[in-house]
**Q** 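Got a structure for you, written out below as structure tokens; questions coming shortly.
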2 protein chains.
Amino acid sequence: MPQNRQPSEPRYGNRPTMKDVAARAGVGLKTVSRVVNGEPGVTPDTERRVQDAIEALGFRRNDSARVLRKGRTATVGLVLEDLADPFYGPLNRAVEEVARTHGALLINGSSAEDPDRERELALALCARRVDGLIVIPAGDDHRYLEPEIRAGVATVFVDRPAGGIEADVVLSDSFGGARDGVAHLIAAGHRRIGFIGDHPRIHTATERLRGYREAMALAGLPVAGSWVSLGATAPERVAAAARAMLAGPEPITAVFAGNNRVTVTVVRVLAALPRPVALVGFDDFELADLLRPGVTVIAQDPAALGRVATDRLFQRLSGTALPPTRIVLPTRLIPRGSGELPPHTG
Amino acid sequence: MPQNRQPSEPRYGNRPTMKDVAARAGVGLKTVSRVVNGEPGVTPDTERRVQDAIEALGFRRNDSARVLRKGRTATVGLVLEDLADPFYGPLNRAVEEVARTHGALLINGSSAEDPDRERELALALCARRVDGLIVIPAGDDHRYLEPEIRAGVATVFVDRPAGGIEADVVLSDSFGGARDGVAHLIAAGHRRIGFIGDHPRIHTATERLRGYREAMALAGLPVAGSWVSLGATAPERVAAAARAMLAGPEPITAVFAGNNRVTVTVVRVLAALPRPVALVGFDDFELADLLRPGVTVIAQDPAALGRVATDRLFQRLSGTALPPTRIVLPTRLIPRGSGELPPHTG
DNA sequence: CTGAAAGCGCTTACAG
DNA sequence: CTGAAAGCGCTTACAG
């Protein structure tokens with residue numbers, strides 16, 4: 001016996017269901033399902049009646065129910081650092097576009113660089129049964145995802161590798177990019193070059209530092225401890241680090257900035273100096289060419305990161321049984337002026 | 001009689017269900033549900049056994065099923081123009097943060113300024129039964145959402161009003177902002193001021209043009225037809241429009257740029273000119289202060305737009321029966337140099 | 001404190 | 001061509 005009371009909470013605002021459509025059209029439930037899904041085997045006349053009932057009632061299929069039965073949600077989850085960070089915008093959009101070609105929607109959220117929040121968000125997405133998960137790691141231990149991956153959630157890490165588990169990952173060539181950027185400064189004549197980067201817990205930060213050291217070593221140049229500073233990318237911290245390197249008896253004549261946020265702060269510091277200081281920054285950013293001098297950068301392709309990662313995700317979802325792979329995308333040096341300044345010999 | 005065959009497609013990769021947990025723990029289904037949801041009325045010993053079974057099996061509740069039964073998905077849908085556009089980043093993040101305080105996740109997607117795609121996406125979100133929908137309109141006819149709204153989907157429009165339906169909307173004061181920005185240029189001595197804006201189909205574009213005309217009229221200044229150009233924000237179109245206004249016998253001495261993308265292109269055009277031309281742009285953007293001269297802007301608060309809209313959405317979801325409201329947020333003039341340049345009398 | 005039955009709105013696997 | 005029954009994995013509304 002069906003319940004005829006009002007439910008305690010409105011159920012989707014009392015929307016009509018296929019059952020309602022079937023009743024109104026005078027057909028069976030399955031026939032409505034056939035029409036709604038464009039399946040064959042319905043006479044034009046029957047289809048007409050069903051369509052009329054659908055319009056009259058304002059019926060829209062509840063995909064939430066469909067999904068439960070079908071076992072796939074046609075949804076991809078994306079955990080990134082900050083939805084407001086312009087660096088991730090093109091990546092986000094690229095993931096959306098690839099997902100769209102596969103008929104999937106995108107649920108995304110920010111970890112705010114907090115490993116606990118990353119975990120919470122990733123697991124919430126798993127509870128929603130996203131078909132696949134793309135994660136830009138905030139933390140360095142992803143063993144919490146092991147049961148989910150084993151249970152079939154396709155997972156791809158982007159921008160930074162996963163910690164403690166084997167999984168697909170798509171990276172930019174942080175090491176090579178930084179090495180080339182620093183070599184570019186060395187080629188312009190610099191010998192005392194500073195490196196300001198993100199927190200050492202971040203994989204890209206240490207890789208870029210490694211690239212810096214490699215370039216210096218290849219050129220036979222020493223690296224003073226005071227020329228290297230890793231830490232938060234908060235403007236105050238970065239500005240203080242830059243000023244410290246620029247002071248003293250043997251000041252640096254050039255800076256390599258470890259990412260876009262560091263670069264912007266360094267540009268501000270340098271703009272206030274009387275003497276020119278060379279700068280190469282990791283990551284391209286809008287208007288870099290309009291500053292005076294234009295800012296020379298090592299450009300990543302964030303959209304390509306997203307595209308390649310999502311392609312990989314859907315390869316996994318189609319059942320390809322490949323071993324976890326690390327894909328490294330190349331970077332590109334864009335000279336614009338700041339990286340070609342010669343050392344100022346004061 | 002239950003089916004014991006393999007399902008044709010893997011069902012969420014054969015994840016354990018509450019039934020599996022119940023069987024392993026030797027308890028009823030409802031008891032597992034109580035433990036998973038932290039409901040009272042379970043002895044510590046029973047709870048222990050259930051927890052052990054959950055861990056052993058790697059069980060994670062299927063929220064997709066839960067949602068079907070509960071009638072609310074704890075999901076908010078956001079349709080914006082382009083996930084990659086830096087202007088919408090802070091708005092996106094603000095929506096996420098407010099949703100998060102209400103325990104809701106965010107599904108978002110780009111309309112790419114295509115009304116059909118906006119509609120398709122919004123309706124797909126409704127089919128997923130998002131509890132609420134936040135839309136940055138691409139089109140100007142939203143009657144397609146009428147049945148959805150009637151069926152209980154809370155809907156709030158942001159940045160631009162809905163077309164053809166009554167609904168909540170949260171806007172920036174485009175008219176007042178543009179009027180003030182143009183008045184600022186007039187106060188600096190300009191009499192021939194150009195206006196370059198987005199496509200006239202976009203509500204904010206026509207409102208800002210209206211503000212421009214108002215300021216000119218208030219100052220008793222005529223507006224030549226050749227000083228106004230609305231259209232695509234593609235750099236080629238905008239640059240051509242700017243160059244045309246700057247040429248001729250009576251060239252403009254100042255430009256009001258209708259949005260951030262227009263502003264950036266105009267900055268490039270002006271940078272190539274021998275004489276200084278004043279500029280005020282609608283929308284703030286990163287590094288505007290680092291350019292020479294710094295770019296004077298009418299700043300909106302995109303994060304506030306997102307926050308206010310999402311607050312409104314959850315007010316609706318809590319059942320408040322208010323009439324549809326239009327909320328207009330103020331803008332702020334930020335003088336940085338470009339808007340204070342006097343007219344160049346060549 | 002505990003659990004069996006019914007149901008959320010669909011699709012699947014049949015049978016006619 | 002059409003539809004009744006069972007089931008997806010949960011929660012609800014009971015009854016013990």
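Labels below follow one simple rule: chain letters A, B, ... track the order of the sequence lines, proteins then strands, and each chain is numbered from 1. This structure is a prediction, so every number in the text was calculated from the model and none was measured.
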**Q** How close or far is atom C1' of C/dA6 from atom CZ of B/R69, stated in whole angstroms?
**A** 8 Å
**Q** Of all residues at least two apart in sequence or in a different chain, which pass the salt bridge (Lys or Arg N to Asp or Glu O under 4.0 Å) check with A/R61?
**A** A/D63
**Q** Let me know the distance between CG of B/D20 and P of D/dC8, rounded to the nearest Å.
**A** 10 Å
**Q** Just how far, in rounded Å, is C1' of D/dC8 from CE of B/M18?
**A** 14 Å
**Q** Could you pull out the closest heavy-atom pair between A/F314 and A/A104, with the gap in Å?
**A** CZ-CB, 4.0 Å
**Q** Please enumerate all residues that pass salt bridge (Lys or Arg N to Asp or Glu O under 4.0 Å) together with A/D168, with sequence neighbours excluded.
**A** A/R312, A/R316
**Q** Does a side-chain N or O of B/R66 approach OP1 or OP2 of D/dT11 to a distance below 4.0 Å, or not?
**A** yes
**Q** Can you find a side chain N or O atom of A/K70 that sits less than 4.0 Å from OP1 or OP2 on C/dT12?
**A** yes
**Q** Grab the CZ-C1' distance between A/R129 and D/dC10 for me, whole Å please.
**A** 11 Å
**Q** Taking C-beta and beyond as the side chain, do A/R128 and A/T73 meet within less than 4.5 Å on heavy atoms?
**A** no
**Q** Taking CD1 from A/I54 and P from C/dC10, how many angstroms apart are they, rounded to a whole number?
**A** 10 Å
**Q** Could you tell me whether the phosphate oxygens of C/dT2, OP1 or OP2, come under 4.0 Å of any side-chain nitrogen or oxygen in B/T46?
**A** yes
**Q** Among the candidates C/dC10, D/dG9, D/dG3, find the nucleotide nearest to the side-chain atoms of A/R61.
**A** C/dC10
**Q** Give the residues of residues 29-41 of chain A touching DNA chain D, defined as any heavy atom closer than 4.0 Å, sorted by residue number.
**A** A/K30, A/T31, A/R34, A/G41
**Q** Apply salt bridge (Lys or Arg N to Asp or Glu O under 4.0 Å) to residues B/D45 and B/R49 and explain how you reach the verdict.
**A** CA-CA 7 Å; B/D45 181 59; B/R49 273 166 37 225; 3.7 Å; yes
**Q** Take atom NZ of B/K19 and atom P of C/dG3, then tell me their distance rounded to the nearest Å.
**A** 16 Å
**Q** Whether B/S64 contacts D/dG9 is assessed here as follows: a side-chain N or O lying under 4.0 Å from the phosphate OP1 or OP2. Is that the case?
**A** no
**Q** What stem regions, each of at least 3 consecutive Watson-Crick or G-U pairs below 3.5 Å, can be found for DNA chain C?
**A** C:1-3 with D:14-16, C:5-12 with D:5-12, C:14-16 with D:1-3
**Q** State, to 0.1 Å, how close A/E118 and A/A138 come at their nearest heavy-atom pair, and which atoms those are.
**A** OE1-N, 2.6 Å
**Q** Compare the minimum distances between each of D/dG7, D/dC10, C/dG9 and the side chain of B/N62, then state the nucleotide with the smallest one.
**A** D/dC10
**Q** Of all the heavy-atom pairs spanning A/K19 and A/L29, show the shortest one and how long it is.
**A** N-CD1, 3.6 Å
**Q** Would one find a side-chain N or O of A/T43 under 4.0 angstrom from OP1 or OP2 of D/dT2?
**A** yes
**Q** Quick one: side chains of residues 156-164 of chain A, donor-acceptor pairs under 3.5 Å with protein atoms, not counting sequence neighbours, listed by atom name and distance.
**A**
{"unit_1": "A/D159", "atom_1": "OD2", "unit_2": "A/Y88", "atom_2": "OH", "d": "3.3"}
{"unit_1": "A/R160", "atom_1": "NH1", "unit_2": "A/P137", "atom_2": "O", "d": "2.7"}
{"unit_1": "A/R160", "atom_1": "NH2", "unit_2": "A/E81", "atom_2": "OE1", "d": "3.2"}
{"unit_1": "A/R160", "atom_1": "NH2", "unit_2": "A/E113", "atom_2": "OE2", "d": "3.3"}

**Q** Holding to salt bridge (Lys or Arg N to Asp or Glu O under 4.0 Å), I want the full list of residues that pass it with A/E120, two or more places apart in sequence or in another chain.
**A** B/R100
